[in-house]
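Numbered from 1 within each chain, the chains take letters A, B, ... in sequence-line order.
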There are 2 protein chains.
Amino acid sequence: MTATSATASPKGTRRRRKNDPESVRADILAVATREFSEKGLSGARIDEIAEKTRASKRMIYYYFSDKETLYLHTLEAAYQKVRLQEAELDLDHLAPLEALCRLVRFTFCHHAKNPDFIRLVMIENIHHGRFLAQSELIQSLNAGVIDVLGNVYSRGVATGCFREGLDPRELHWLISALSFFNVSNQHTFSRIFDWQQTAPENQQKLEDHVTDMVLRYVRVDREAP
Amino acid sequence: MTATSATASPKGTRRRRKNDPESVRADILAVATREFSEKGLSGARIDEIAEKTRASKRMIYYYFSDKETLYLHTLEAAYQKVRLQEAELDLDHLAPLEALCRLVRFTFCHHAKNPDFIRLVMIENIHHGRFLAQSELIQSLNAGVIDVLGNVYSRGVATGCFREGLDPRELHWLISALSFFNVSNQHTFSRIFDWQQTAPENQQKLEDHVTDMVLRYVRVDREAP
DNA sequence: TGAACAATGTACGAAATGGTACGTTCAGTC
DNA sequence: GACTGAACGTACCATTTCGTACATTGTTCA
């Protein structure tokens with residue numbers, strides 16, 4: 001257990017400040033993530049972030065220079081977090097078909113479980129990806145994702161259960177699209193079509209659809225009997 | 001030809017104001033659409049919209065009360081415009097398979113051609129669809145979309161070329177997801193995977209993938225020879 | 001022609017907002 | 001213990017930004 005709240009102090013004693021740079025920085029980043037992902041770059045307010053932090057506004061500028069830099073760090077931290085989670089997925093010991101099935105289901109659920117991240121990516125796209133463009137960190141983080149899928153795919157082609165000629169990057173695009181949209185457009189879609197998209201039973205349906213759709217697309221046409 | 005710019009006047013003559021409420025309103029809405037879709041609700045500035053308009057800031061408030069109401073009207077107008085374009089699609093005279101193919105390709109291209117609309121929908125989702133929820137207009141506009149797809153689908157089931165048991169609404173969800181993502185995430189995807197997604201040849205590839213994927217999903221499994 | 005109302009221009013106000021100046025306290029080093 | 005740089009608090013500033021008050025011009029209709 002590390003040093004905690006500086007406000008907790010022996011009663012009556014004049015409260016002494018306790019320096020804890022690491023946790024202050026982390027706290028700011030956590031609050032900023034919530035605020036930016038909720039309200040966007042222009043919608044989020046530095047003053048509000050400051051209020052919700054244990055630290056003060058001064059500290060935000062001390063560690064992050066300005067609003068846009070704070071946003072960039074938020075984005076980077078978010079990518080780092082999700083890619084770390086994804087790295088836990090181990091597909092090498094599975095047969096290609098099962099591996100792909102597992103990968104798709106994981107991607108779908110993983111997106112659904114990280115709406116903050118999805119929203120940050122949406123917001124970054126609204127800004128034409130100009131912050132992401134500044135970050136070599138994010139670029140490098142994501143290179144591996146395609147390789148994982150590429151391995152599964154080529155194993156499947158070798159085994160004869162997957163069609164030839166598909167590009168892993170395009171395949172990843174298809175899987176991402178279906179998983180991303182599930183989170184990004186849940187509000188408009190639910191309201192327009194009067195459909196509780198986020199209800200567990202509907203989420204299950206969609207996950208099955210998406211998985212099934214991808215597998216049907218990649219699998220070889222049914223072999224003649 | 002209707003009344004035009006009030007700035008054009010016989011030389012030397014003291015410029016007289018010409019009232020043209022319809023076009024002023026339309027002009028404001030057009031500029032607001034660009035600004036909101038580019039920068040979001042909180043990012044767009046009323047003053048900037050006013051500057052880019054032939055009218056003045058006063059007029060914005062005169063016709064649209066406040067910023068949020070202007071945004072709502074922008075959103076409604078955008079939905080109206082795209083649904084009108086979609087209504088031109090006539091599928092009844094086509095065989096189910098061709099009709100579905102045509103519908104998917106149309107949806108994909110239509111999204112690609114209307115990035116402003118897509119961005120507004122993204123922005124609306126960032127706001128949890130709370131403005132869309134206020135608009136009965138938008139709700140009613142979209143009801144028909146499912147019916148069109150539903151008709152094609154049931155015709156296909158009747159003909160025996162489509163599988164049974166699929167829900168038109170869920171089918172629409174899948175088609176939307178693939179078409180929407182193509183526009184909404186083009187920036188991050190292009191940058192992260194170093195892939196010119198918007199290049200014509202890649203757009204063609206994606207359109208083919210998406211169409212093929214949907215058709216494979218809906219078609220009956222290959223009939224035994 | 002002249003009310004009466006709709007449409008428009010100009011200038012301004014109050015609050016919000018990003019950012020900073022300046023001073024104080026903490027923690028490690030000689 | 002004195003010194004130094006990092007870590008932090010408070011108060012403040014300049015600008016932006018939404019919105020409005022007030023005056024003026026256009027248009028329609030009796």
Under 4.0 Å between a side-chain nitrogen and a carboxylate oxygen: does that hold for [X] and [Y]?
{"X": "K52(B)", "Y": "E48(B)", "result": "yes"}
{"X": "R45(B)", "Y": "E35(B)", "result": "no"}
{"X": "D47(A)", "Y": "K57(A)", "result": "yes"}
{"X": "K205(B)", "Y": "E201(B)", "result": "no"}

* Asked: Among F180(A), F181(A), F189(A), which one satisfies ring-ring contact (aromatic ring centres under 6.0 Å, His included) with F180(B)?
  -> F181(A)

* Please say which of Y79(B), F36(B), Y71(B) ends up in a ring-ring contact (aromatic ring centres under 6.0 Å, His included) with F131(B). => Y71(B)

Test item: [X] side-chain N/O and [Y] main-chain N/O as donor-acceptor pair under 3.5 Å:
{"X": "N185(A)", "Y": "A177(B)", "result": "no"}
{"X": "D212(B)", "Y": "D208(B)", "result": "no"}
{"X": "R191(B)", "Y": "G129(A)", "result": "yes"}
{"X": "E124(A)", "Y": "L132(A)", "result": "yes"}

Restricting to nitrogen or oxygen on both sides, can you table the protein-nucleotides 12-18 of chain D pairs closer than 3.5 Å?
from: dT17(D); atom 1: OP1; to: R45(B); atom 2: NE; distance (Å): 2.7
from: dC18(D); atom 1: OP1; to: A44(B); atom 2: O; distance (Å): 3.4
from: dC18(D); atom 1: OP1; to: K67(B); atom 2: NZ; distance (Å): 3.1
from: dC18(D); atom 1: OP2; to: I46(B); atom 2: N; distance (Å): 3.1

What is the distance, to the nearest angstrom, from the [atom1] atom on [X] to the [atom2] atom on [N]?
{"X": "E22(A)", "N": "dC26(C)", "atom1": "CD", "atom2": "P", "answer": "20 Å"}
{"X": "E68(A)", "N": "dG19(C)", "atom1": "CD", "atom2": "C1'", "answer": "13 Å"}
{"X": "F64(A)", "N": "dG19(C)", "atom1": "CZ", "atom2": "P", "answer": "14 Å"}
{"X": "E51(A)", "N": "dG9(D)", "atom1": "CD", "atom2": "C1'", "answer": "15 Å"}
{"X": "I60(B)", "N": "dG9(C)", "atom1": "CD1", "atom2": "C1'", "answer": "14 Å"}
{"X": "D27(A)", "N": "dC8(D)", "atom1": "CG", "atom2": "P", "answer": "11 Å"}

* Asked: Under 4.0 angstrom, heavy atoms only, what part of the nucleic acid is Y63(A) near: base, sugar-phosphate, or nothing?
  -> sugar-phosphate

* State whether S56(B) places a side-chain N or O below 4.0 Å from either non-bridging phosphate oxygen (OP1 or OP2) of dT8(C). => no

* Could you list by number each residue of residues 124-135 of chain B showing a heavy-atom separation from DNA chain D of less than 4.0 Å, or answer none if no residue does? => none

Close N/O contacts between protein and nucleotides 21-23 of chain D (under 3.5 Å):
none

* To do: Compute the ring centroids of F193(B) and H172(A), then answer whether they are less than 6.0 Å apart.
  => yes

* Asked: When you measure from the side chain of Y62(B), which nucleotide among dT10(C), dA6(C), dC8(D) comes out closest?
  -> dA6(C)

